[in-house]
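In what follows, residues are counted from 1 in the order of the sequence shown.
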Amino acid sequence: MILTELDRPPADLQARTGWTIKPEGACREEACVPLPEPFDVRDLGQRLGMALVHDQEQGLWALGPESGGRALHSAELPEVVLPDREGHDFALRSLRGTRVFMVAWASW
């Protein structure tokens, strides 16, 4: 997202990122991330894990996409069904209300 100023929320922030600036901070769905006053895009980028770069010659700023920041999209686990050791479908929702320790591994 290309910006010319840092002291106001970008007009197309919600359309491009899903985040909206509200009195309680940057919000997307039920999740809100507090932002300091006065508003500054540098704080927004830092809190949401969005890179911010400056082209001094052109007087422009570019706010990049989220890159694994600390903000959650949601606190709800999506519907996950995996085969158990016998090959039967096992839905993680069946564990709702219990503590679960999950280990994930990837070869890459």
Side-chain angles (χ1 to χ4, degrees):
M1 179 176 341
I2 303 299
L3 310 170
T4 57
E5 56 190 1
L6 299 179
D7 60 346
R8 282 189 240 170
D12 55 351
L13 181 68
Q14 183 174 8
R16 292 182 174 250
T17 67
W19 290 97
T20 305
I21 304 303
K22 296 181 177 180
E24 53 266 38
C27 300
R28 180 166 54 195
E29 296 176 11
E30 299 299 317
C32 287
V33 177
L35 294 174
E37 293 286 335
F39 179 84
D40 191 312
V41 171
R42 289 174 281 228
D43 294 323
L44 176 72
Q46 182 181 20
R47 301 267 173 117
L48 299 181
M50 298 172 160
L52 182 67
V53 294
H54 183 219
D55 182 338
Q56 193 167 9
E57 186 176 314
Q58 299 298 318
L60 298 173
W61 294 83
L63 183 64
E66 292 174 63
S67 57
R70 293 180 291 262
L72 296 175
H73 293 280
S74 166
E76 294 183 21
L77 181 69
E79 182 64 33
V80 178
V81 177
L82 299 168
D84 64 14
R85 288 186 282 191
E86 285 80 40
H88 300 45
D89 284 345
F90 177 78
L92 288 181
R93 74 174 172 271
S94 68
L95 299 174
R96 180 159 286 174
T98 63
R99 292 182 184 203
V100 176
F101 177 75
M102 183 181 290
V103 177
W105 177 82
S107 61
W108 66 90

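Applying the salt bridge (Lys or Arg N to Asp or Glu O under 4.0 Å) test to residues at least two apart or on different chains, the pairs with a partner in residues 12-26 are Asp12-Arg16. Residue pairs meeting the disulfide bond (SG atoms under 2.5 Å apart) criterion with at least one member in residues 78-108, sequence neighbours excluded, do not occur. For residues 47-67, the set of pairs meeting the ring-ring contact (aromatic ring centres under 6.0 Å, His included) definition, not counting sequence neighbours, comprises His54-Trp61.
When the salt bridge (charged side-chain N to carboxylate O under 4.0 Å, His left out) test is applied to Asp55, no partner is found at least two apart in sequence or on another chain. Remark: Thr98 pairs with Leu95, Val100 by the side chain to side chain contact (heavy atoms under 4.5 Å, CB included) rule, at least two apart or across chains. In this structure Arg8 satisfies the side chain to side chain donor-acceptor pair (under 3.5 Å) test with no other residue, sequence neighbours excluded. Residues passing the side chain to side chain contact (heavy atoms under 4.5 Å, CB included) test with Ala62, sequence neighbours excluded: Ile2, Val53. The side chain to side chain donor-acceptor pair (under 3.5 Å) test applied to Asp84 returns no partner, not counting sequence neighbours.
In plain terms, the two heavy atoms of Met1 and Pro10 that are nearest each other are SD-CB, 3.5 Å.
Rounded to the nearest 0.5 Å, atoms OG1 (Thr4) and CG (Leu60) are 7.5 Å apart. One distance of note links CD1 of Ile21 with CG of Leu44; it measures 5.0 Å at 0.5 Å rounding. Taken to the nearest 0.5 Å, the CE atom of Met50 stands 7.5 Å off from the CH2 atom of Trp19.
Put simply, the side chain of Thr17 does not reach to within 4.5 Å of the side chain of Leu63, judged on heavy atoms.
Around the CD atom of Gln56, the shell of radius 6.0 Å holds no more than 12 heavy atoms that belong to other residues, nucleotides or ligands.
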Side-chain atoms of residues 32-43: list all donor-acceptor pairs with protein atoms under 3.5 Å, sequence neighbours left out, distances to 0.1 Å.
| from | atom 1 | to | atom 2 | distance (Å) |
| --- | --- | --- | --- | --- |
| Asp40 | OD1 | Arg42 | N | 2.8 |
| Asp40 | OD1 | Arg42 | NE | 3.1 |
| Asp40 | OD2 | Arg42 | NE | 3.3 |
| Asp40 | OD2 | Arg42 | NH2 | 2.9 |

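Of the options Glu29, Gln14, Arg28, a side chain to side chain donor-acceptor pair (under 3.5 Å) to Thr20 is made by Gln14 and by none of the others.
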